[in-house]
Number of protein chains: 4
Amino acid sequence: MPLTGQIELTDHRYGKAENRVVRFTKENARHEIRDVNVSTTLRGDFAAAYTEGDQRHVLPTDTQKNTAFAFAKDPGLDTVEDYAIALATHFVDTVEPVSSARIDVECFGWRRVSIDGAEHEHTWVRQGPQVRTAAVTVAGAGAQRRTWVLGGIKDLVLLKSTGSEFAGFLVDEYTTLAPTHDRVLATSLDVQWRFAEHSGFDWDETYTGIEATLLELFATTYSKALQQTLYAMGTAALERFPMLAEIRLTAPNKHHFDYDLARFGIENAGEVFWAADRPYGSIHATLQRADAPEAGIAWQP
Amino acid sequence: MPLTGQIELTDHRYGKAENRVVRFTKENARHEIRDVNVSTTLRGDFAAAYTEGDQRHVLPTDTQKNTAFAFAKDPGLDTVEDYAIALATHFVDTVEPVSSARIDVECFGWRRVSIDGAEHEHTWVRQGPQVRTAAVTVAGAGAQRRTWVLGGIKDLVLLKSTGSEFAGFLVDEYTTLAPTHDRVLATSLDVQWRFAEHSGFDWDETYTGIEATLLELFATTYSKALQQTLYAMGTAALERFPMLAEIRLTAPNKHHFDYDLARFGIENAGEVFWAADRPYGSIHATLQRADAPEAGIAWQP
Amino acid sequence: MPLTGQIELTDHRYGKAENRVVRFTKENARHEIRDVNVSTTLRGDFAAAYTEGDQRHVLPTDTQKNTAFAFAKDPGLDTVEDYAIALATHFVDTVEPVSSARIDVECFGWRRVSIDGAEHEHTWVRQGPQVRTAAVTVAGAGAQRRTWVLGGIKDLVLLKSTGSEFAGFLVDEYTTLAPTHDRVLATSLDVQWRFAEHSGFDWDETYTGIEATLLELFATTYSKALQQTLYAMGTAALERFPMLAEIRLTAPNKHHFDYDLARFGIENAGEVFWAADRPYGSIHATLQRADAPEAGIAWQP
Amino acid sequence: MPLTGQIELTDHRYGKAENRVVRFTKENARHEIRDVNVSTTLRGDFAAAYTEGDQRHVLPTDTQKNTAFAFAKDPGLDTVEDYAIALATHFVDTVEPVSSARIDVECFGWRRVSIDGAEHEHTWVRQGPQVRTAAVTVAGAGAQRRTWVLGGIKDLVLLKSTGSEFAGFLVDEYTTLAPTHDRVLATSLDVQWRFAEHSGFDWDETYTGIEATLLELFATTYSKALQQTLYAMGTAALERFPMLAEIRLTAPNKHHFDYDLARFGIENAGEVFWAADRPYGSIHATLQRADAPEAGIAWQP
């Protein structure tokens, strides 16, 4: 039955993506670096730009870029979360048509170059592949003001050579997988957590603590499935960090297949594997505190 | 105020991502090809795998892979949408713990090699960069059965050398952009549309028609902003294809900057541009029919 | 035996890589586009910059960028080869320390948007994934002047569903592959050809002709191995285009594996394949005319 | 003048690229990991495969894959260099048509997960982005046997916030760059070094030492140009490691541009930069000992 109802613009947003901002602090000889990728997204009263090409309410994305760079100087980038809160708040408070602003930040890691055990004062080497993320949404004014902060880590690549099995699963007519009681477990973890509050604790310490918790639980959980490992990681993070309301974990199961060397008269006792690219398992879990404050539009891109 | 509420698994899903399935039809000398990337996602009663490592309800992702390949043979891949509907329906209907299944398909384009104007019967050259997509979600049983189909296209790279301006915009203290009345407009379009029905019309014809509509409107719309262009494209697609309930368009504004050649005594009248990588504008629009059926979980990943 | 000889700077070069130049011709309502990625490389008397940090002979890479953009206006980008020759010649002729210059160009394909069969005058859609390439090296002055031109195509993805076998190969203790007399042959071709001359023929026609020749021979050669197919492609290109001195072909063997559906009671008669990512075969061939002029530094990066 | 000379196959090679081999040592509870990407390339008497499709001399690339995995078990992957030497030697010694074999290895870094200061016995987190490389070529038999070993590191991303200038350079009509006496210097270093010998020292220690030397010299060299920095790095590596014959350094100049905040009344004293993607400078240097043994085909891909 063909539709005939009126066509409506039901959602819209816009912004400047991937502003590559590098901020140094040079107050003394020992410089500091913050290397970030900042994306801005504005929601609000911009419908006329779509329906009529009327730009009167549209703050150019070029302006948003300028603002992202300017805010890197003042208030600065001491922490990516406070920077993003300040930037989002600025757009909501000073740009009339903006009803909410979201700031996404990727923060790239750098380690000081070390020479004979001494850290160099102004030279760094990139650390990865994992990237710290933050996504801040600010909406409303006055008593309606809401601020949501998501922290996160992505591309955290982990592997364990034992302590993982997969057995006792459901079998149907297309099932050919053999159960295994000792396998390699590997993943490239993407995690985001929602804070219940946005002050009163140290952003960087919390990030470091959550990352360490994820690593620890991946290592120490005897895994009957990647699902179980994710659940253990998420539970521990929420338990140890009471400022967290919710955590979402996404993990590819990066398959490592035993390479059949018996064909050549060689024993392969879990020593030689082929690391496959595609396809891969894809596992997701969301854990939340029963008393978590509502998420609002925190998870909207 | 630290949270103390109980930790709950509030959402979970899993599947096998990026099964690279290639299906030929060889019934006669003129072969046909369907080259797809298939991802499966199951939702349902899998909580015990997370909380207790109990796999009894878990259909292995390896099984899902086998099934994706088997279904490429029968019922086959004549259209990616019908294939995805069949595969999703299979999981919901035959795997007891599954409450809903989503199948994502990327479909890569191939053109027959042409020799002196004659198409070769079994040789192709890849066409791109644009990729056709489909995302089918099937949920429930009996009277509760729902089937949602999203069609789409991504990485459709478009450029026009005139017929685009950007002026009359909001100005604040961080605004330095000069208005322009003739600029290059370029984007790499990602679009998804939701069908109101899933039978009674030709999937391939509809796809081809929507793609042509998007190209046409991009070309013929005098653009006062990329927002306006997206709105025109979305409106035309909904108007011309009454089986569509909704369309979502995402478009980077791939900036092309006039290169300043006046410094060298050379006139550059909109002829030489630098195509920048980052940052880029990022524009989104969702259009929907007032009488669109509800979207349910169609847009959940 | 530790080495004690003096340390010498035995080679050096520098330039500006990946200048994304877009050039329009707007002489009439029907605009033309050339979209290229230009890299410059200079060789010559720059040793002092390395050994002493003395920049007096160093033309900044920023200047090379400016020049690449300026030359896109005049003499222009009618053909990428003539543009590259002009740009390389400029550096050798006007920048005293430069002994040779190499210009690498990637040229991205665009097709005009077609509306009801009519080509639009100023709107295009990107074509790919294949990319046309050119690499021009100019060296020396006066009678010593040499100009080498390499043309090429890369990322030309080809597939045939039959007409390919692989059998009768060498077998050793690690060989487990079964011979096959009907397989899928797929590759992503990278080819470069060296011209014996750099004028007297049409660059664009030659490119189009060589691309068509490669496609034709891939399609029509019954392949006993990818090696044989490459040889047939290269031979035909040299035979048909007498201005070519040499051709170099690089081709991954993009493996497509029959998916075993017999386990599910389903026959798979060469219809359903898994397209694998890694590892892949990697095949190379260089063909040259016996009377080819010497290549000099044409192949140096 | 069209060429008419006979078409000859002047070069050819083939192999299996990107075998993703992961090797664990599990002799005791503290496991060890080697995670590598191995590519094999064979040269020799394979012309008939090209010219006639005759595979009798062709060892399948599938066999080469099997061999790469088998050799990961025995002799094993204690060091990537010895593994590559063994594998290359095997092909030359046991496969009659092979005249030379090259093995390329990328070795991905993993760090043990640390829990409360204690290293976990079988869990690791990926380290990057830098990757260790090795490229071994073995040719000939008996007295003609030659073995070349290249070590290397790639994607080593370095940045210094001061201690770099660029001034006093050559100026021509296209030069607009202002000299600067304090800039950010950043690069993503790719380096390869050729060993004069292939035994008598510790491969891993040497690699670690060279990497530390490159970091140190990047940090401590006051840079008048990236050229000078590369030269200092290469010189120090050759001086400190007398088993090295030659070193080749390739470095993009990853430009960081001061962001103009003065427009907003904000001072930017070298604190806020835009990290650009393209174009980038591209600098190369090769340094060699005067008494280096000849390189033969060590640098052929």
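Hydrogens, waters and symmetry mates play no part in the numbers below; they use all other heavy atoms, side chains included. Every chain is numbered from 1 and lettered A, B, ... according to where its sequence line falls, protein lines coming before strand lines.
- Looking only at side-chain heavy atoms (C-beta outward), B/Phe71 and A/Tyr174 come within less than 4.5 Å of each other.
- Side-chain contact between B/Leu170 and A/Val58: absent, with no pair of heavy atoms (C-beta onward) separated by less than 4.5 Å.
- Contacts of B/Leu244 with chain A are made by backbone atoms alone, with heavy-atom separations under 4.5 Å and no side-chain atom involved.
- In terms of non-hydrogen atom pairs under 4.5 Å with chain A, the most contact-rich of B/Gln64, B/Glu96, B/His255 is B/His255.
- Put simply, the side chain of A/Asn66 does not reach to within 4.5 Å of the side chain of B/Thr175, judged on heavy atoms.
- For the residue pair B/Thr61 / A/Asn253, no side-chain donor-acceptor distance below 3.5 Å is found, with atom types taken as modelled.
- Contact annotation for B/Pro301: neither backbone nor side-chain heavy atoms come within less than 4.5 Å of a heavy atom of chain A.
- To the nearest 0.5 angstrom, B/Lys224 atom NZ is 9.0 Å from A/Glu52 atom CD.
- Residues of residues 229-239 of chain B that come closer than 4.5 Å to chain A, counting heavy atoms only, are B/Tyr231, B/Thr235, B/Leu238, B/Glu239, ordered by residue number.
- Among A/Arg278, A/His12, A/Gln6, the residue making the largest number of heavy-atom pairs under 4.5 Å with chain B is A/Arg278.
- Across B/Leu3 and A/Ala292, no two heavy atoms sit closer than the pair CD1-CA, 4.2 Å.
- A distance of 10.0 Å separates CD of B/Glu8 from CZ of A/Arg289, quoted to the nearest 0.5 Å.
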inquiry  = A/Gln227 vs B/Phe46, test: side chain to side chain contact (heavy atoms under 4.5 Å, CB included). Steps then yes/no.
reply    = CA-CA 9 Å; A/Gln227 282 88 330; B/Phe46 307 113; over 6 Å; no

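- Using a 4.5 Å cut-off between heavy atoms, A/Pro252 does not touch chain B at all.
- Interface summary for chain B: among A/Ala48, A/Ala245, A/Ser282, A/Ala49, the most heavy-atom pairs under 4.5 angstrom belong to A/Ser282.
- Contact of A/Thr4 with chain B is made through backbone and side chain together, with heavy-atom distances under 4.5 Å.
- Residue B/Ala70 touches chain A through its side chain alone, counting heavy-atom pairs closer than 4.5 Å.
- B/Arg20 touches chain A through its side chain: at least one heavy atom from C-beta onward sits under 4.5 Å away, while N, CA, C and O do not.
- Ranked by heavy-atom pairs under 4.5 Å with chain A, the first of B/Leu226, B/Leu249, B/Leu59 is B/Leu59.
- At least one side-chain heavy atom of A/Phe166 sits less than 4.5 Å from a side-chain heavy atom of B/Gln55.
- The environment of CZ in A/Arg56 is sparse: at most 12 heavy-atom neighbours from other residues, nucleotides or ligands sit within 6.0 Å.
- Neither the backbone nor the side chain of B/Ala251 has a heavy atom closer than 4.5 Å to any heavy atom of chain A.
- Note that OG1 of A/Thr67 and CD of B/Glu173 are 7.5 Å apart. Values are rounded to the nearest 0.5 Å.
- Proximity to chain B at a heavy-atom threshold of 4.5 Å picks out A/Asn37 from residues 37-45 of chain A, in numerical order.
- To the nearest 0.5 Å, the span separating OG1 on B/Thr286 from CG on A/Leu9 amounts to 7.5 Å.
- Annotation: the span from A/Asn19 atom CG to B/Tyr280 atom OH amounts to 10.0 Å, rounded to 0.5 Å.
- Interface summary for chain B: among A/Arg13, A/Glu165, A/Gln228, A/Gln288, the most heavy-atom pairs under 4.5 angstrom belong to A/Arg13.
- Of the listed residues (A/Ala68, A/Ser223, A/Gly15), the one with the most heavy-atom contacts under 4.5 Å to chain B is A/Gly15.
- A/Tyr50 has its ring centre no less than 6.0 Å from the ring centre of B/His284.
- Judged as a salt bridge (Lys or Arg N to Asp or Glu O under 4.0 Å), the pairs with a partner in residues 242-254 of chain B (not counting sequence neighbours) are, in order, B/Arg194-B/Glu246, B/Glu246-B/Arg248.
- Note that CG of A/Asp172 and CZ of B/Phe91 are 8.0 Å apart. Values are rounded to the nearest 0.5 Å.
- In this structure, the portion of B/Lys65 lying under 4.5 Å from any heavy atom of chain A is its side chain and not its backbone.
- In this structure, no portion of B/Phe195 lies under 4.5 Å from any heavy atom of chain A.
- Nearest heavy atom pair, residue B/Pro2 against residue A/Pro242, reads CB-CB, 3.5 Å.
- The part of A/Ala167 that comes within reach of chain B is its backbone (N, CA, C, O), which places non-hydrogen atoms under 4.5 angstrom from that chain.
- Of all residues in residues 177-188 of chain B, those placing a non-hydrogen atom less than 4.5 angstrom from a non-hydrogen atom of chain A are B/Leu177.
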